[in-house]
2 protein chains.
Amino acid sequence: MPKKEHIINVAIELFSEKGFEATSIRELAAKADVNVAMVNYYFGSKDKLFEAIVERKASYMKGKLEELASNKELTEIQKMDVLIENYVDRLLSQPNYHRLIHQELLVKQRVTLQDNIVKIFSGNTLIVKSIIESGIKKKLFKKVDPELTMASIIGTINQVMLSKSMCLMLIQKDENFDPYTDVAFRKRLETHLKQMIHSYLLINN
Amino acid sequence: MPKKEHIINVAIELFSEKGFEATSIRELAAKADVNVAMVNYYFGSKDKLFEAIVERKASYMKGKLEELASNKELTEIQKMDVLIENYVDRLLSQPNYHRLIHQELLVKQRVTLQDNIVKIFSGNTLIVKSIIESGIKKKLFKKVDPELTMASIIGTINQVMLSKSMCLMLIQKDENFDPYTDVAFRKRLETHLKQMIHSYLLINN
DNA sequence: AAAAATTAATTAAACGTTTGTTTAATTCAA
DNA sequence: TTGAATTAAACAAACGTTTAATTAATTTTT
């Protein structure tokens, strides 16, 4: 693996575990087994390393969602199901990266970086909104709040994903259990979300 | 106001805005208009100041929830409505404090402090679970996932509360709009949650 | 009630570390 | 031989914390 990418991966791990500010470049360099100067050599600064991380991983979801929205074969509720599957899969398979993103959203440092993140999410939200509004127009869906429906889907996943200890408490498992790799838990989360969204959205159920 | 409490309030503001690690004691002392040594004089260390913040504000919700659970006059769905109102009110009225708590949950520093936070939430979760399970037993509620239902309620509120810029993007308002003090937005959030939980939980609707 | 003694609160300065970053020299690869 | 990659060392700045001295408040003694 290229050394630059290797540093990014170790940085995601450390930043998401300990926080951006709490992780020193020396610690990062030690864990990545490179010289301290290499980080600034490749990225210029610690802040720019953070930006590189966000930019490299961003806007993967957008393509999937655009494809989904323009799909003519699926009904609106089927699209919502696929959307839930995609988000659950995406968020649970990269918990560290998403923790890092949310860390950055939580604090008000590095404003332009935060704006970038919001912009990425913004596009996704509009697509989901269009699907829900299409369902409402066809009188398949109730007249719900599209934006907050989106917030409920993402928020539910985030709630179990952003803190492992909180998730373990919620589902009453011990520390050895890893909810993010457990397929049964993933299915459980998907099922809950689909059922909830179905009963909330669908007029006939 | 007692100086010790004043420091705590300024600390909540700064920590939640910039992050715990990114806030220096010198900056905190300057904003609180006290000498740098006063923080360690009152709290011993920066870490213990954080603990003091968590402990001082913790477990307010517990009393309200216990009272609600043991209430004999309300039906289960009415209890869920009150619960939603309480959570929306509580979380939106102290956004800074809750951001700080979630910041701590997000990173894996200060393990014992995180355990304390989880313990507080744990009690609340059990109470909510008991209400939902009671509703299921009485055949008022569908056989839902109680834990993840709780995650959806809290997660939805957190989704709009943890990042103001994300919230503004979601509801399409400009920067001057403050969603956390706006009563209309609060009502909107309450309505969405109640409608969603009603259609998810209730058998007859 | 006044004076003295004791404790608490507050201060500026200094402490030793650690931080992100840079430098200048060296090794490696093309 | 030229440019990129890598290194150890050094840089200044900022960090959390402590010290020792001073002021303010409280308690005790006269």
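What's counted below: heavy atoms across the whole structure, side chains too, no hydrogens, waters or symmetry copies. Proteins come first, then strands; the chains are lettered A, B, ... in the order of their sequence lines, and each starts at number 1.
Rounded to a whole Å, the NZ atom of K46(A) is 15 Å from the P atom of dT22(C). Note: NZ (K48(B)) to P (dG16(D)) measures 16 Å, nearest angstrom. Rounded to whole Å, atom C1' of dA8(C) lies 13 Å from atom NZ of K4(B). If you measure from atom CD1 of I25(B) to atom P of dT11(C), you get 15 Å, rounded to the nearest angstrom. Taking atom CD of residue E21(A) and atom P of nucleotide dC15(D), one finds them 10 Å apart after rounding to whole Å. When the P atom of dG20(C) is taken as reference, atom CG of L49(A) falls 11 Å away, rounded to whole Å. Straight-line distance from the CD atom of E27(A) to the P atom of dT18(C): 12 Å, rounded to whole Å.
By the 30° and 60° cut-offs, the orientation of the rings of F50(A) relative to F15(A) is tilted.
Within the structure, every side-chain polar atom (N or O) of S24(B) is placed at least 4.0 Å from both OP1 and OP2 of dA14(D). An OP1 or OP2 oxygen of dT10(C) is reached within less than 4.0 angstrom by a side-chain nitrogen or oxygen of K3(B).
Side-chain atoms of N35(B) lie closest to dT11(C) of the nucleotides dA8(D), dT11(C), dA10(D).
The existence of a salt bridge linking R110(B) and E21(B) is confirmed by a sub-4.0 Å separation between a basic side-chain nitrogen and an acidic carboxylate oxygen. By the 4.0 Å N-to-carboxylate-O rule, K164(B) lies too far from E175(B) to be salt-bridged with it.
Seen from the ring of F43(A), K4(A) counts as a face-on cation partner, given the 6.0 Å and 45° thresholds.
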Exercise. When you look at M80(A) and I132(A), which way does the side-chain contact (heavy atoms from CB on, under 4.5 Å) test go after all the steps?
Worked result: CA-CA 8 Å; M80(A) 293 303 292; I132(A) 294 179; 3.9 Å; yes

Exercise. How far apart are the C-alpha atoms of M150(B) and F121(B), what are their side-chain angles, what is the distance that settles it, and do they pass the side-chain contact (heavy atoms from CB on, under 4.5 Å) test?
Worked result: CA-CA 11 Å; M150(B) 173 77 167; F121(B) 278 76; over 6 Å; no

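Annotation: proximity of residues 37-44 of chain A to DNA chain D (heavy atom, distance under 4.0 Å) is found for A37(A), M38(A), Y41(A), Y42(A), numbered in ascending order.
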